[in-house]
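The structure under discussion appears below in the form of structure tokens.
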Amino acid sequence: HSKSPALHAAANAELGLDWSYGIVDVPVERLAEFLAGTRADGNWYGLSVTMPLKNAIVPLLDHVAGPAAALGAVNTVTFQADPANGAPQLTGHNTDVAGLVGALRHAGVVREPRAAVLGGGGTASAAVAAFAALGAPAVDVYVRNPSKAAGLCAIAADAGLSCRLLPWADVAAAVTGYDAVIATLPPQGADELAAALPATERVRPGSLLLDAAYDPWPSSLARAWETSGGQSVSGLEMLLYQAVEQVRLFTGDAFERPDDVLNAMCDAIGLARR
């Protein structure tokens with residue numbers, strides 16, 4: 001169901017690059033073998049990385065750059081020749097943060113929003129970092145198992161952001177009071193919350209929900225959020241903006257006319273041009 005091949009094919013065509021982008025199913029136990037094969041092949045420009053490989057790939061790389069180092073999660077790998085011997089050097093990046101920031105800014109999120117994150121998985125760490133980049137003074141994270149999400153507050157602290165881990169049982173009563181909410185749960189993971197929303201007070205005027213799950217869309221949570229007076233944004237927006245950053249990393253000096261590339265990618269997945 002991934003939209004990434006369509007996004008990258010559109011970007012490559014716009015840039016005049018005869019590159020291919022496909023999907024490879026790599027189990028965790030075969031990840032080291034797969035990376036060794038890409039090094040030996042010498043014909044790769046980069047990789048997109050999905051769960052559950054985002055954390056497992058970190059110790060297998062030569063370098064980890066930018067937000068990926070702070071988050072301990074990589075969703076993008078670039079290949080550069082080592083100046084000393086020409087061997088491919090693999091560097092890990094995280095463009096999920098840029099994807100969330102781009103999507104929220106495009107949707108008009110207020111500066112220094114009162115912010116909440118739903119869920120404590122890999123995307124939640126990027127969500128915390130994104131809120132820090134948007135100037136949020138604090139973030140509340142609602143999770144079912146706080147012990148598994150303790151690292152999120154460490155990420156927030158490193159970014160100068162105060163953080164509270166709050167029980168999932170409290171989310172329905174509290175979630176309507178935020179300026180911006182990022183739901184990082186899998187598809188249908190917030191259906192129970194969606195059913196509870198109509199029984200709560202209406203959301204704050206202009207309140208924005210970004211639901212990282214985009215298939216099916218609108219999600220039950222997005223529908224309930226809009227019924228309660230808020231604005232919802234599909235995870236496709238996040239996917240778009242993180243893919244633009246991936247293309248920039250993959251192509252380097254060949255990344256020209258970014259607005260044209262962005263609009264070509266919008267066309268490829270049925271989003272409105274920017």
* Joint cluster assignment, Phe131 & Ile155, ILVMFWY side-chain distance < 4.5 Å -> yes
* Asked: Does the side chain of Gln188 reach to within under 4.5 Å of the side chain of Pro216, using non-hydrogen atoms?
  -> yes
* Can you name the nearest heavy-atom pair linking Gly119 to Val141, along with the distance? -> O-CG1, 3.6 Å
* **Enclosure of Arg164 CZ (heavy-atom neighbours >12, cutoff 6.0 Å)** => no
* Is there a side-chain contact between Leu90 and Phe79 (heavy atoms, below 4.5 Å)? -> yes
* Asked: Is there a side-chain contact between Arg105 and Leu134 (heavy atoms, below 4.5 Å)?
  -> yes
* Which atom of Val143 lies closest to which atom of Ala149, heavy atoms considered -> CG1-CB, 3.9 Å
* Asked: Any idea which heavy atoms bring Ala73 and Asn55 closest together, and the distance?
  -> CB-ND2, 3.7 Å
* To do: Check the surroundings of atom OH in Tyr45: do more than 12 heavy atoms from other residues, nucleotides or ligands lie under 6.0 Å from it?
  => no
* To do: Indicate, with yes or no, if Leu221 and Met238 share a hydrophobic cluster defined by side-chain heavy-atom contacts under 4.5 Å among Ile, Leu, Val, Met, Phe, Trp and Tyr.
  => no
* Asked: From Arg273 CZ over to Asn263 CG, what is the distance, rounded to the nearest 0.5 angstrom?
  -> 4.5 Å
* In Å, rounded to the nearest 0.5 Å, how long is the span from CG of Asn12 to OG1 of Thr251? -> 8.0 Å
* Transitively linked via ILVMFWY side-chain contacts under 4.5 Å: Tyr178 with Leu208? -> no
* Out of curiosity, Gln242 CD to Leu7 CG, how far, rounded to the nearest 0.5 Å? -> 8.0 Å
* With hydrophobic residues grouped by side-chain heavy-atom distances under 4.5 Å, do Leu100 and Leu118 end up in a single group? -> no
* To do: Please determine which of Thr50, Thr123, Asp96 meets the side chain to side chain donor-acceptor pair (under 3.5 Å) test together with Asn75.
  => Asp96
* Asked: Looking only at heavy atoms, what is the nearest atom pair of Ser48 and Tyr21, with distance?
  -> OG-OH, 2.6 Å
* Any ion pair linking Glu237 and Arg274 (charged N to carboxylate O, less than 4.0 Å)? -> yes
* Can you hop from Leu209 to Leu104 via hydrophobic side chains spaced under 4.5 Å? -> no
* To do: Measure across Ser125 and Leu71 and return the closest heavy-atom pair with its distance rounded to 0.1 Å.
  => O-CD2, 3.6 Å
* Is Arg204 salt-bridged to Asp179, cutoff N-O under 4.0 Å? -> yes
* Would you please classify the geometry between the Tyr241 ring and the His106 ring as parallel, tilted or perpendicular, with 30° and 60° separating the classes? => tilted
* To the nearest 0.5 Å, what is the distance between CZ (Arg39) and CD (Gln89)? -> 6.5 Å
* Structure fact -> Output for pair (Cys163 SG, Leu152 CG), nearest 0.5 Å, gives 6.5 Å
* Asked: Going through the checks in order, is the side-chain hydrogen bond (donor to acceptor under 3.5 Å, both in side chains) test met by Gln80 and Thr78?
  -> CA-CA 7 Å; Gln80 287 93 25; Thr78 54; 3.2 Å; yes
* For Val97 and Pro67, work out which heavy atoms get closest and say how close. => CG2-CB, 4.2 Å
* **Min side-chain heavy-atom separation Leu197-Thr176 under 4.5 Å** => yes
* To do: Please tell me if the side chains of Asp211 and Trp225 come closer than 4.5 Å, counting only heavy atoms from C-beta onward.
  => no
* Asked: Do Glu14 and Val247 have side-chain heavy atoms sitting under 4.5 Å apart?
  -> no
* Asked: Just how far is it from atom CH2 of Trp44 to atom CH2 of Trp19, taken to the nearest 0.5 Å?
  -> 13.0 Å
* Ser219 side chain vs Ala222 backbone, donor-acceptor pair below 3.5 Å -> yes
* side-chain contact (heavy atoms from CB on, under 4.5 Å) assessment of Tyr214 paired with Lys3 -> CA-CA 10 Å; Tyr214 60 83; Lys3 305 287 188 182; 3.9 Å; yes
* Can any side-chain N or O of Arg223 pair as donor or acceptor with the backbone N or O of Pro218 at less than 3.5 Å? -> yes
* With the side chain counted from C-beta on, respond yes when Phe34 and Val24 share a heavy-atom pair under 4.5 Å apart, and no when they do not. => yes
* To do: State, with a plain yes or no, whether a side-chain heavy atom of His8 is found less than 4.5 Å away from one of Gln246.
  => yes
